[in-house]
Amino acid sequence: MKVEPEYKIDSVSDESSPTTNFTSDHRDFYQEILFGMKKIGFREFLHGHHFRGLVSELRQIHVEDIMAELMSESSDLSVWFFKELRDIYGFRHSRFSTLLVSHIFAGQRRFKELQVILEQLLQEEGKLCELLSNSFRKWESTGLVWDMLLFLSSRLRMVDESLYILKKMKDRNLNVSTQSYNSVLYNFRETDKMWDVYKEIKDKNEHTYSTVVDGLCRQQKLEDAVLFLRTSEWKDIGPSVVSFNSIMSSYCKLGFVDMAKSFFCTVLKCGLVPSVYSHNILINGLCLVGSIAEALELASDMNKHGVEPDSVTYNILVKGFHLLGMISGAGEVIQDMLDKGLSPDVITYTILLCGQCQLGNIDMGLILLKDMLSRGFELKSIIPYSVMLSGLCKTGRVDEALSLFYDLEAYGLTPDLVAYSIVIHGLCKLGKFDMAVRVYDEMCYKRILPNSRTLGAIMLGLCQKGMLLEARSLLDSLISSGDTLDIILYNIVIDGYAKSGCIEEALELFKVAIESGITPNVATFNSLIYGYCKTQNIAEARKILDVIKLYGLVPSVVSYTTLMDAYANCGSIKSIEELRREMKAEGIPPTNVTYSVIFKGLCRGWKLENCNQVLRERILEKFNHVLRDMESEGITPDQITYNTIIQYLCRVKHLSRAFELFKKMKSQNLDPTSATYNILIDSLCIYGCIRKADRFLYSLQKRNVSLSKFAYTTVIKAHCVKGDPEMAVILFNQLLDRGFNVSIRDYSAVINRLCRRHLAIESKYFFCLMLSRGISPDLDICEVMIKSDELLSWTIKWGLLPDQ
DNA sequence: TTAGGGTTAG
């Protein structure tokens, strides 16, 4: 039976010398225990009621003295006491007793047990160095404990401690094992210090050499690594597969899969057997350059080399499909995985989740996450949740992201810097800056320090709020902090300037970036193009296209589309066509944003306001032509493209064609937006089809479609004008019932129109309705009311004559 | 050797 610890351990400031705290009480206490043990028998005493009663009084100092006493009889007894206390009573031992037992283990060469207790010691203790030296002076045994401590501390990345121990060992001429040296070497493999450690190692082994190769690869000294591999120094051992793997991995990271392949062949030629690692590295490299077919082939050939794919292999392949944007293609990989008796793990699920989110299938992602939860992966990692948070944020579903974020704690997960940054960024992007700041403060309160990405999100929020000065000073503070900054952080503020039409400031910041040696990217220039277009300087904007090329970059579809939009706004169809040809020549495919702009340009250029029947037919023909272009290029219009086309079809009075497109939109599973409905309802009203507008509105209401206020006010206004004020009243009340924020402008629009039609009763009705809703009339409304003969006396009665 | 966060256009 396990007994829960019934005491708290005092923190003892200096346990290195137990005798310093020796008091008569203490001595009595431990002698009482020793006496009991000897009389009753050690095991019986320790497990009996008597000892249990003493446990709450037990302190580390007692334990140390008892152990020292037991040592004089038999070291095994001392170890036994140590373990019983730890395992039965959950006693947390002091450094002294741990080291005492360590030396016993070392002497008896019980390395596994030695490793376990030293690991615990290293993980629990903070400032070890100076205390260790005091503790070790007590034993003149072999250097085994030191060596093990060196090995473990360097494996735990406790660099300072390991260097300290190494120095002490050298001072005392104690033997440092190759294993420990290799572990130290490993910690320094990414720095020049690696060679100092390397030189000290007398008995170098395979691990030593492969660590050096790996280090050189990590230091981007790939050629040196290859040279080292060929060095005669280790001819007697010969290079290992591990070293080849490091080199192959480096070539793959650089995108040189062919080089990796040739090293793979060299492995075979040397008579070595490529491991699962070697295969996985090469399969991963192939996937990264998009050669999924070859990757699959290599995976299926693995058994020819006497190895079997593992779950890492399958995950790499799943990721390969994900990278190609073909996550559905991963189905077969998963099936193979299951056939081999391997189950998808958290990583598999996370990649699948990434793939679904990338395709915008957020709901599918949520299902996957749920599935994962039901398989009990919930406590393992925050990463899948971060993927989900990111997917939700990118599609504007920030509220859901926030609620998932705050559920994390319930799943036993603590959000980390990445998760916080995703949510903060999502909120900023959506303009919810105040909420973002609240989350940011919460993060800081939890002592999670923001990095430049988190601060980039905050800068984005500031820019969107128009707080450019604040955004700039945040950027400046990052610059002066001395960290190397990304172009992206500059881009955020440059774009902020451009969006607000501050092209001079944008250019100035651009210069700062260049002078700091930061290379701009296409997004930087695209923002500048936007800035010039915004300030009506299309000529300068266009010149940027050449500047982009001067920097060795390629203009993107965004560069062209932004320029086209500027031309579209002034109806310059010719320039748009020119750019369209240039894009085609450069091999830059348009997107549906480009096409929206093209449609806009066509409509503006044709001056639709005065268009006759012949022109209308030509426009319709052109629209159909461009739509066919889109189709042939495999671009599916999105909601905004549809809205643009529908809007312009409406402008040229092709309502039937507009409604056809509306139907087509739905048939393609694209949910019309409230703007779509607004455009259609507005057009029906403009062209006098008010009954149709009523029916359309009614059908939408019946289907619970979410409509904006505009849809209602448009129909209401039409009824006021066309003389059906009763319908206006009915719809206006619906507007109020549905909780829309009805302003004085809405009342004004209705009253204005009714007065002009001399509809006095309804005017009064709306006037009173407005007052009853706590809205006071403004000067405009009063003037309109007074101008109407029927309402003049009524208005005077209400005391609403203007002051003058 | 496998999983998460950033900038630009309608």
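Just so you know, these numbers use all the heavy atoms, side chains as well, and skip hydrogens, waters and symmetry mates. Letters go in sequence order (proteins before strands), and every chain restarts at 1.
- One interatomic measurement links the two molecules: CZ of R375(A) to C1' of dA3(B), which rounds to 17 Å at whole-angstrom precision.
- I382(A) comes within contact range of at least one nucleobase, with a heavy-atom separation under 4.0 Å.
- Picking from dT7(B), dA3(B), dG10(B) the nucleotide with the shortest atom distance to the side chain of D565(A) gives dG10(B).
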**Request:** Decide yes or no on ring pair (Phe, Tyr, Trp, His ring centres under 6.0 Å) for Y490(A) and F510(A), but give the supporting numbers first.
**Result:** CA-CA 8 Å; Y490(A) 285 89; F510(A) 174 77; 9.9 Å; no
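- Taking only side-chain atoms of L460(A), from C-beta outward, the nucleotide of dT7(B), dT1(B), dA9(B) with the closest atom is dT7(B).
- Using a 4.0 Å heavy-atom cutoff across all strands shown, T454(A) reaches at least one base atom of the nucleic acid.
- Side chain S596(A) to base dA9(B): no donor-acceptor pair is found below 3.5 Å.
- In terms of phosphate contacts, K499(A) brings a side-chain nitrogen or oxygen within less than 4.0 Å of OP1 or OP2 of dA9(B).
- Within 4.0 Å of S390(A), counting heavy atoms only, lie sugar-phosphate atoms of the nucleic acid but no base atom.
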**Prompt:** Is there a side-chain contact (heavy atoms from CB on, under 4.5 Å) between L563(A) and I529(A) once you walk through the steps?
**Reply:** CA-CA 7 Å; L563(A) 262 175; I529(A) 292 177; 4.0 Å; yes
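- Looking at heavy-atom distances under 4.0 Å, V312(A) makes contact with a base.
- L417(A) comes within contact range of at least one nucleobase, with a heavy-atom separation under 4.0 Å.
- Taking every side-chain heavy atom of N521(A) into account, dT7(B) is the closest of dT2(B), dT7(B), dG4(B).
- Here E582(A) pairs with R542(A) in a salt bridge; the nearest charged N to carboxylate O distance falls below 4.0 Å.
- Atoms CG (L455(A)) and C1' (dG5(B)) sit 13 Å apart, rounded to a whole Å.
- Atom CD of E332(A) has 12 or fewer heavy atoms from other residues, nucleotides or ligands within 6.0 Å.
- In the set dA3(B), dA9(B), dT7(B), dA9(B) carries the atom at the smallest distance from any side-chain atom of T562(A).
- Among the nucleotides dT8(B), dT1(B), dA3(B), the one closest to any side-chain atom of V558(A) is dT8(B).
- In terms of polar N and O atoms assigned as donor or acceptor, the side chain of T591(A) never comes within less than 3.5 Å of the base of dG10(B) in a complementary pairing.
- L317(A) has its CG atom 13 Å from the P atom of dA3(B), to the nearest Å.
- I640(A) comes within 4.0 angstrom of a base, heavy atoms only.
- In this structure, K429(A) reaches the dT8(B) phosphate: one of its side-chain N or O atoms is under 4.0 Å from OP1 or OP2.
- The base of dG10(B) sits with one of its N or O atoms less than 3.5 Å from a complementary donor or acceptor on the side chain of D638(A).
- Across the protein-nucleic acid pair, L404(A) atom CG and dG4(B) atom P stand 17 Å apart, rounded to whole Å.
- Atom CG of L545(A) is separated from atom P of dA9(B) by 16 Å (rounded to the nearest Å).
- Of the candidates dG5(B), dT1(B), dG4(B), dG4(B) carries the atom nearest the I383(A) side chain, counting heavy atoms from C-beta on.
- Counting non-hydrogen atoms of other residues, nucleotides and ligands closer than 6.0 Å to NZ of K446(A) gives a total above 12.
- By the 6.0 Å contact criterion, NE2 on H207(A) is open, its count of non-hydrogen atoms from other residues, nucleotides or ligands being 12 or less.
- In this structure, the nucleotide among dT8(B), dG5(B), dA3(B) sitting nearest to the side chain of S556(A) is dT8(B).
- At the heavy-atom level, N643(A) lies nowhere under 4.0 Å from the strands shown.
- Regarding I488(A), its CD1 atom lies at a distance of 11 Å from the C1' atom of dT8(B), rounded to whole Å.
- Across dG5(B), dT8(B), dA3(B), the shortest atom-to-atom separation from the side chain of C354(A) is found for dA3(B).
- Nucleic acid contact for V387(A): sugar-phosphate only, since backbone atoms but no base atoms lie under 4.0 Å from a heavy atom of the residue.
- Closest approach to the N451(A) side chain among dA3(B), dT7(B), dG5(B) is made by dG5(B) (side chain taken as heavy atoms from C-beta onward).
- In the interface, the side chain of N284(A) is not paired with the base of dT1(B) through any donor and acceptor atom under 3.5 Å apart.
- Following rounding to the nearest Å, K600(A) (NZ) and dA9(B) (C1') show an atom-to-atom distance of 10 Å.
- Put simply, H425(A) has a side-chain N or O that comes within less than 4.0 Å of OP1 or OP2 on dT7(B).
- The distance from atom CG of N569(A) to atom C1' of dA9(B) is 12 Å, rounded to the nearest whole Å.
- Residue contacts shown for T641(A) include a base, since a base heavy atom lies under 4.0 Å away.
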**Asked** So I635(A) and T591(A), side-chain contact (heavy atoms from CB on, under 4.5 Å) or not? Walk me through it.
**Response** CA-CA 7 Å; I635(A) 301 166; T591(A) 65; 5.7 Å; no
